[in-house]
Amino acid sequence: MQSRAFCLFKEEVKQLKQFGTAVYQEQEKTMDSDFLNVFTQPSTLDRFLNETVIAKGEKRKLIKPTSSNNPKLEQLKLLLIDWINRTLQEEHIVVKSLEEDLYDGLVLHHLLEKLGSLKLDVDKIALTEKKQRQKLSVIMEAVAKCLQLEESQLKWSVESILTKDLLSTLHLLVAIAQHFDPSLALPPNVQVETITIENTSRGLKTSNAVENITDDKENTEAQSNDAFDELFSRAPDKLEAVKKVFLQFVNQHLGKLGLSVKDIESQFSDGVILLILIGQLEGYFLNLRNFFLTPASTTEMLHNVNLALDLLADGGLLNFSVKSEDIVNGDMKTTMRILYCLYSKYKTKEA
């Protein structure tokens, strides 16, 4: 015959099991079904829980495991690895994994020094997490300054790089590559499925999205179709006549300063002539300390061109998106679009 105490013990165990089941079911309800569906394999879920710590109130965006077999994503990763290794060949640095080899800032440090001729005041090797975080902070500030990006525009952070977040690492490397090496043929329209996980007071809340890592060049070109696209593709015979009109307009104003332009493609690529022309037309006094009169690197040329684009935008003359890299690379169509912004305003005034 069972004692009363034993019967009470069994009842307590039963109640604990029911309580545990209820808690699990309640937690399951608070988790978005997408969260559970994403991690279909136990090993994936275990790895996520072990490696990803999301504090209360924190939000993290991750690449879904379902995107891991995306061939375009793999192509981009391999291309970036090869690009880094070629760039840093003289430093004898070999990258094998974007997540595992970039988080401590060592490779990023060498990459920025090599590409941008930047001298960063940080230790070459940071062994502790505190030192790595400090080093990455300096590097991220340098990148944002070079790319002229506000904090709200950044798709990466010190913490995300430090925690080996692939999505942030890809965004960072693509931005660096497009800025310092615009001729690098990145695979277009690389997309990944992402899941954003937020640890709320009621549990884990999630949302899904598709995020672009590289631009869809075909759509971008289709959207920016204008008169210059038509001119270059359908009326190339008229191209020289348009260039002559622009050269005459430019030299009419630069001649007052004893300057002359003969080649639109090459003489605007460093941004100097463009800045002087804008200053002459708009009445700006350009302090020589604000730009590089004799730029010695791509970084300095990009600085000049970005300053010119900012001046045009501030003056309400630029109502379309322009990549400064295109002007630095001597893209004739982009340069002529910029010149037309000035020509269309000041030809009327001259008349």
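Between the side chain of N329 and the backbone N or O of E325, at least one donor-acceptor pair lies under 3.5 Å. The backbone N or O of V261 sits less than 3.5 Å from a side-chain atom of N251, completing a donor-acceptor pair. With hydrogens and angles ignored, the 3.5 Å screen pairs a side-chain donor or acceptor of E300 with a backbone N or O of A296. Under a 3.5 Å cut-off, the side chain of T335 and the backbone N or O of D331 do form a donor-acceptor pair. Remark: side-chain polar atoms of D101 are not paired, donor with acceptor, to backbone N or O of V95 under 3.5 angstrom. Looking at T196, its side chain never comes within 3.5 Å of a backbone N or O of K61 through a donor-acceptor pair.
Minimum interatomic distance between T214 and V190 (heavy atoms only, all atoms of both residues): OG1-N, 2.9 Å. Contact record, L302 with H179: CD1-O, 3.1 Å, taken as the closest heavy-atom pair. Across all their heavy atoms, P187 and L79 have their closest contact at CD-CD1, 4.1 Å. What you find for L275 and L286 is that their closest heavy atoms are O-CD1, 3.1 Å. The heavy-atom pair separating L307 from N290 by the smallest distance is CD2-O, 3.6 Å. For the pair N70 and K72, the tightest heavy-atom approach, listed with the atom from each and the gap, is OD1-N, 2.9 Å.
A distance of 6.5 Å separates OG1 in T128 from NZ in K131, rounded to the nearest 0.5 Å. Separating the CD atom in E211 from the NE2 atom in H171 is a distance of 3.5 Å, to the nearest 0.5 Å. Taken from NE2 in H110 to CG in L115, the straight-line distance is 12.5 Å, to the nearest 0.5 Å. Between K323 atom NZ and N306 atom CG the span is 13.0 Å, to the nearest 0.5 Å. To the nearest 0.5 Å, atom CG of residue L277 and atom CG of residue L339 are 7.0 Å apart.
Among residues two or more places apart in sequence or in another chain, the salt bridge (Lys or Arg N to Asp or Glu O under 4.0 Å) test is passed with E265 by none. Taking the salt bridge (Lys or Arg N to Asp or Glu O under 4.0 Å) definition, one finds that R289 meets it with nothing, sequence neighbours left out. By the side chain to side chain contact (heavy atoms under 4.5 Å, CB included) test, E90 is found to be paired with K114, residues two or more places apart in sequence or in another chain being considered. With sequence neighbours left out, the salt bridge (Lys or Arg N to Asp or Glu O under 4.0 Å) criterion links E113 to K124. Take D165 and apply the side chain to side chain donor-acceptor pair (under 3.5 Å) test, not counting sequence neighbours, and it matches S168.
Contact annotation: the side chain of I338 approaches that of L318 to within less than 4.5 Å [non-hydrogen atoms, C-beta and beyond]. Using a 4.5 Å heavy-atom cutoff, the side chains of Y103 and T163 are not in contact. The shortest distance between side-chain heavy atoms of L312 and L342 falls below 4.5 Å. Residues F268 and V305 are not in side-chain contact: their nearest non-hydrogen atoms beyond the backbone lie 4.5 Å or more apart. Looking at heavy atoms from C-beta onward, L172 lies in side-chain contact with M140 at the 4.5 angstrom threshold. Side-chain contact between W83 and D181 is present, with at least one heavy-atom pair separated by less than 4.5 Å.
When hydrophobic clusters are built by joining Ile, Leu, Val, Met, Phe, Trp and Tyr residues whose side-chain heavy atoms come closer than 4.5 Å, directly or via intermediates, V210 is not grouped with L167. Under the 4.5 Å side-chain contact rule for hydrophobic residues, V328 and L293 share a cluster. L254 and V245 fall within the same hydrophobic cluster, defined by Ile, Leu, Val, Met, Phe, Trp and Tyr side-chain heavy atoms under 4.5 Å apart, directly or through other members. Note on L88: it clusters hydrophobically with L184, by side-chain heavy-atom contacts below 4.5 Å among ILVMFWY residues.
Partner of V192 under the side-chain contact (heavy atoms from CB on, under 4.5 Å) criterion, chosen from L170, N212, L73, L62: L73. Of the candidates R133, K164, R60, R133 is the only one forming a salt bridge (charged side-chain N to carboxylate O under 4.0 Å, His left out) with E159.
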(message) Please evaluate residues L186 and L80 with respect to the criterion side-chain contact (heavy atoms from CB on, under 4.5 Å), reporting the C-alpha separation (whole Å), side-chain torsions for both, the decisive distance (0.1 Å), and the verdict.
(response) CA-CA 8 Å; L186 295 171; L80 289 172; 4.1 Å; yes
(message) I'd like to know whether N304 forms a side-chain contact (heavy atoms from CB on, under 4.5 Å) with L274, so could you lay out the CA-CA distance, the side-chain angles of the two residues, the decisive distance to 0.1 Å, and finally the verdict.
(response) CA-CA 9 Å; N304 287 350; L274 185 56; over 6 Å; no
(message) Working note: K345 + E282, criterion salt bridge (charged side-chain N to carboxylate O under 4.0 Å, His left out); need CA distance, chi angles, decisive distance, verdict.
(response) CA-CA 10 Å; K345 177 179 180 179; E282 293 281 283; 3.0 Å; yes
(request) Dump the intermediate steps for side-chain contact (heavy atoms from CB on, under 4.5 Å) on L102 and L111, then the final yes or no. (result) CA-CA 10 Å; L102 275 78; L111 197 60; 5.9 Å; no
(request) Please test I84 against I93 for side-chain contact (heavy atoms from CB on, under 4.5 Å), starting from the C-alpha separation and ending with a verdict. (result) CA-CA 9 Å; I84 294 171; I93 291 177; 5.6 Å; no
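Classification of the H253-Y346 ring pair by plane angle, with boundaries at 30° and 60°, yields perpendicular.
A donor-acceptor pair shorter than 3.5 Å cannot be found between the side chains of S266 and S269. A donor atom on one side chain and an acceptor atom on the other are not found under 3.5 Å apart for Q132 and D104. In the model, N208 has a side-chain atom that pairs as donor or acceptor with a side-chain atom of K64 under 3.5 Å.
Taking the six-membered ring for Trp, H303 and F292 have ring centres closer than 6.0 Å.
Annotation: salt bridge (Lys or Arg N to Asp or Glu O under 4.0 Å) contacts involving residues 251-263, sequence neighbours excluded, are absent.
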